[in-house]
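Comments concern the structure below.
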Amino acid sequence: MATYSLANERLRALEDIEREIGAILQNAGTVILELSKEKTNERLLDRQAAAFTASVLHVEAELSAQIRYLTQLPGGLTNSNSGKK
Amino acid sequence: MAQQRALPQSKETLLQSYNKRLKDDIKSIMDNFTEIIKTAKIEDETQVSRATQGEQDNYEMHVRAANIVRAGESLMKLVSDLKQFLILNDFPSVNDAIDQRNQQLRALQEECDRKLITLRDEISIDLYELEEEYYSSSSSLCEANDLPLCEAYGRLDLDTDSADGLSAPLLASPEPSAGPLQVAAPAHSHAGGPGPTEHA
């Protein structure tokens, strides 16, 4: 639903991060598999290793941003009326 | 008032723990991957025999690969916890989403009202034309016993008050066993039984 896009935008971003974590593990597996071969394809190795590193850094940056956003949320809304009489 | 804007202690602690978990997992993935790549390097000189060194490297790679997978699963759990925290605590986004939904539904309501009003106006115009046609035709063909509809129903009301019951002669299409008066009668009288006797 378009009306929930604002609330769901961050949830979709987190889902993308989940997919990227899966891609990280897959890239790592591809690199190790390629290393195990007698004749390694260096280009594929370099490409996969670069993709692995970039994905890891990207995931770290995105999750840090999400946690930073959560720290900026207003908290303690239930206490807003505690001082009023 | 400043306290109300700051996060509660428990939430701050929770978010700090999220940060720590993130850094630990990312570090674990990178370190274990780097060590696997280093272990894959073939060395000419080894302290133990090649077979032993090979077994050791094999075992080490298995453990490091398992560590990478564990760190990946821990990251997935972290993402799940972040989603849960977001759903439960992201009030600004939820409020915005609710406001947007309200606006959308109000717009829909106004559109429905507009359409209903248009429909009502069109039906009233058609009804007016139909009534015009009916009364102009009935006025030219009326007989002494025939009455306009409004007067016919007016007579029916008077007859029901006087408890005569049947108003068959007043109706345009008199039927001895059925009539508008029997609308007020119990429903079971229409089930097929003899009508007039039940209304006596």
Side-chain angles (χ1 to χ4, degrees), chain A residues 1-29 31-37 40 45 49 52-53 55-83, chain B residues 1 3-12 14-19 21-23 25-27 29-30 32-34 36-37 39-41 61 64-65 68-69 71-76 78-83 85-87 89-105:
Chain A
M1 259 185 223
T3 53
Y4 291 108
S5 62
L6 277 177
N8 282 349
E9 198 59 43
R10 296 198 171 267
L11 290 174
R12 283 202 197 104
L14 286 170
E15 281 180 9
D16 290 341
I17 290 172
E18 278 182 337
R19 275 191 281 272
E20 203 161 352
I21 292 171
I24 285 173
L25 294 179
Q26 208 156 4
N27 281 340
V31 168
I32 295 168
L33 191 66
E34 195 61 35
L35 271 176
S36 67
K37 293 179 182 173
T40 57
L45 260 180
F52 169 83
T53 311
S55 296
V56 167
L57 293 176
H58 182 245
V59 161
E60 187 181 12
E62 285 288 324
L63 284 177
S64 291
Q66 292 282 345
I67 293 172
R68 215 175 308 123
Y69 171 77
L70 290 175
T71 55
Q72 291 168 1
L73 286 178
L77 289 177
T78 54
N79 297 328
S80 62
N81 292 326
S82 60
Chain B
M1 292 296 285
Q3 265 185 344
Q4 292 172 2
R5 282 296 173 190
L7 279 174
Q9 193 66 28
S10 60
K11 282 187 184 172
E12 270 194 34
L14 191 61
L15 291 170
Q16 280 172 8
S17 74
Y18 287 165
N19 257 325
R21 278 163 66 182
L22 170 67
K23 289 195 172 18
D25 291 335
I26 294 290
K27 189 172 183 303
I29 289 175
M30 289 300 288
N32 281 295
F33 183 74
T34 311
I36 287 177
I37 303 294
T39 309
K41 183 179 173 185
M61 283 188 182
R64 292 199 184 276
I68 291 175
V69 171
E73 283 184 359
S74 175
L75 270 179
M76 297 288 261
L78 173 65
V79 171
S80 169
D81 291 344
L82 282 175
K83 278 187 194 175
F85 192 96
L86 201 67
I87 288 167
N89 296 290
D90 192 5
F91 296 116
S93 294
V94 169
N95 288 340
D96 287 342
I98 290 171
D99 288 340
Q100 273 196 355
R101 185 69 177 150
N102 277 345
Q103 283 175 7
Q104 205 187 38
L105 290 174

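Worth knowing before you read on, the calculation uses all heavy atoms, side chains too, and leaves out hydrogens, waters and symmetry mates. Proteins get letters first, then strands, A, B, ... in listed order; numbering begins at 1 in each.
- One distance of note links CG of B:L86 with CG of A:L11; it measures 5.0 Å at 0.5 Å rounding.
- The closest side-chain heavy-atom distance from B:F33 to A:T53 is not below 4.5 Å.
- In this structure, A:L45 CG and B:I37 CD1 are separated by 7.5 Å, a value rounded to the nearest 0.5 Å.
- Here B:L82 contributes atom CG and A:R10 contributes atom CZ; the two are 11.0 Å apart, rounded to the nearest 0.5 Å.
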Which side-chain N or O atoms in residues 17-24 of chain A pair as donor and acceptor under 3.5 Å with protein atoms at least two apart or in another chain?
residue : atom : partner : partner atom : Å
A:E18   : OE1  : B:K83   : NZ           : 3.2
A:R19   : NH2  : A:D16   : OD1          : 2.7
A:E20   : OE1  : A:H58   : ND1          : 2.8
A:E20   : OE2  : A:H58   : ND1          : 2.9

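- Contacts between A:S64 and chain B at a heavy-atom distance below 4.5 Å involve backbone atoms as well as side-chain atoms.
- Distance check: A:L57 CG to B:I26 CD1 gives 8.0 Å after rounding to the nearest 0.5 Å.
- Of the listed residues (B:I87, B:V79, B:N89), the greatest number of heavy-atom pairs within a distance under 4.5 Å of chain A belongs to B:V79.
- Annotation: side chain of B:Y18 is not in contact with side chain of A:L63 (no heavy-atom distance under 4.5 Å).
- Considering every non-hydrogen atom in both A:L73 and B:P92, the closest pair reads CD2-CD, 4.0 Å.
- Residue contact with chain A, scored on non-hydrogen atoms closer than 4.5 Å, involves the side chain of B:L22 exclusively.
- In this structure, CE in B:M76 is found 8.0 Å from CG in A:L25, a value given to the nearest 0.5 Å.
- Evaluation of the salt bridge (charged side-chain N to carboxylate O under 4.0 Å, His left out) test over residues 56-69 of chain A, restricted to residues two or more places apart or in two chains, returns none.
- Of the atoms belonging to B:L78, it is side-chain heavy atoms, and not backbone ones, that fall under 4.5 Å from chain A.
- With a threshold of 4.5 angstrom between heavy atoms, B:L75 approaches chain A through its backbone and through its side chain.
- A:I67 CD1 to B:F85 CZ: the interatomic distance, rounded to the nearest 0.5 Å, is 10.0 Å.
- With a 4.5 Å cut-off on non-hydrogen atoms, A:L14 touches chain B through its backbone and its side chain both.
- Counting non-hydrogen atoms of other residues, nucleotides and ligands closer than 6.0 Å to CD of A:E15 gives a total above 12.
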